[in-house]
Number of protein chains: 2
Amino acid sequence: MTAGSRLPDDVEPDTCAAFRDALDRVGSKWGIAIIAAASDGPIRFAELHRSIPGISRRMLTLTLRTLERDGLITRTVHPTVPPQVEYTATALAEELYASTRALSAWAENNHAKIAAARAAYDGNEAARQEEHTAPEARVRADPRP
Amino acid sequence: MTAGSRLPDDVEPDTCAAFRDALDRVGSKWGIAIIAAASDGPIRFAELHRSIPGISRRMLTLTLRTLERDGLITRTVHPTVPPQVEYTATALAEELYASTRALSAWAENNHAKIAAARAAYDGNEAARQEEHTAPEARVRADPRP
DNA sequence: CAGAATCCCCGGTGATACTG
DNA sequence: CAGTATCACCGGGGATTCTG
């Protein structure tokens, strides 16, 4: 397939699809946080759990599994008496994390503009609502039973 | 608040949060595709709808609204007899889109490695399953009523 | 300590039909 | 043409409990 069938799958053939593909790996709620935390060398499950405030053990486990599956995190089990497991970000994950910086930087630099744009939009929106409801209607609170 | 209360909100204080913030703007299923399509100059609703294959009119409208609200897309209405509306990506959106490239590039360059990692993981996973089910059990299909 | 299992909720998304 | 309005789904994510 895709060879002659002319599937309608080519808007921004590569770039756009590739971006979504990257998001599938690191777009989950905790993905980036985990990779970031595991970038500073091996870190144990409990440490990870503590260093990422809002996360539940469940989501930590699940996200770690997908990251491990994709080769972004290595899992090392030390068969000591209280089980001890260490996680480390792979080189691949480090590259991914680095590729993330541009987006983070953009967000940091422009979240003020975004907020302003929202305020402006919401303001005009509210104004349009008023004139759409027709001025007369706004006076009629009509406290009649 | 946040002054002395020592809120547990500082894993990767800025970077990680900023990334998630960026995703809130462009992480939706169609966000990037729309910005990409609107980067090549003004484009009409129907054109947009055609150039992004899988999208429904509903999601196109909704996503355009949020993008407009965040100042990433400008909406221009021409009061002609058949209504004509044009959308254009703002400079802000262009910067955002540019900041996206690093991630897209990473995905393009490494999706092979990812696939390989997955295959390896799934292979070992299946193997572990077998030996965990205990060899004997695998022989017992037990066709008894 | 490091999970696995279960239940439940909610928001993003899709399908369909109607409108100015 | 360019939307809006409804309904319905389903999968990510959270809270809680159990285990080797």
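What you see below is based on every heavy atom in this structure, not just the backbone, and it leaves out hydrogens, waters and symmetry mates. Just so we're clear, the structure is a prediction, and the values are computed from it rather than from any experiment. Proteins come first, then strands; the chains are lettered A, B, ... in the order of their sequence lines, and each starts at number 1.
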When the distance from [atom1] of [X] to [atom2] of [N] is rounded to whole Å, what number comes out?
X	N	atom1	atom2	answer
I52(A)	dG14(D)	CD1	C1'	16 Å
E86(B)	dG3(D)	CD	P	12 Å
L64(A)	dC1(C)	CG	P	17 Å
I43(B)	dC1(D)	CD1	C1'	15 Å
I55(A)	dA2(C)	CD1	C1'	14 Å
R75(A)	dC1(C)	CZ	P	16 Å
H49(A)	dA15(D)	NE2	C1'	12 Å
I34(B)	dG12(C)	CD1	C1'	14 Å

Hey, does the side chain of [X] reach the backbone of [Y] with a donor-acceptor pair shorter than 3.5 angstrom?
X	Y	result
R65(B)	L60(B)	no
R118(A)	K113(A)	no
T74(A)	T88(A)	yes
S51(A)	L48(A)	yes

With salt bridge (Lys or Arg N to Asp or Glu O under 4.0 Å) as the criterion, how do R25(A) and D21(A) come out once you've worked through the C-alpha distance, each side chain's angles and the decisive distance to 0.1 Å? CA-CA 7 Å; R25(A) 250 118 239 139; D21(A) 191 53; 2.9 Å; yes
For T61(A), report the nucleic acid contact type (base, sugar-phosphate, nothing); a contact means any heavy atom under 4.0 Å.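 The residue T61(A) makes sugar-phosphate contact but no base contact.
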If each of R57(A) and E47(B) is mapped to the nucleotide of DNA chain D with the nearest heavy atom, which maps nearer the 5' terminus, i.e. the 5' end?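 First, find each residue's nearest nucleotide; the 5'-ward one identifies E47(B).
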Which of the following nucleotides, dG3(C), dG3(D), dC1(D), is nearest to the side chain of P83(B)?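 So the nucleotide nearest the side chain must be dC1(D).
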In this structure, would V85(B) and I55(B) fall into the same cluster of hydrophobic residues linked by side-chain contacts under 4.5 Å?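 In one cluster: yes.
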B/S/- contact track for nucleotides 6-12 of chain D, protein heavy atom under 4.0 Å: B------
Could you go through the side-chain contact (heavy atoms from CB on, under 4.5 Å) check for Y87(B) and L67(B) one step at a time? CA-CA 10 Å; Y87(B) 294 93; L67(B) 292 177; over 6 Å; no
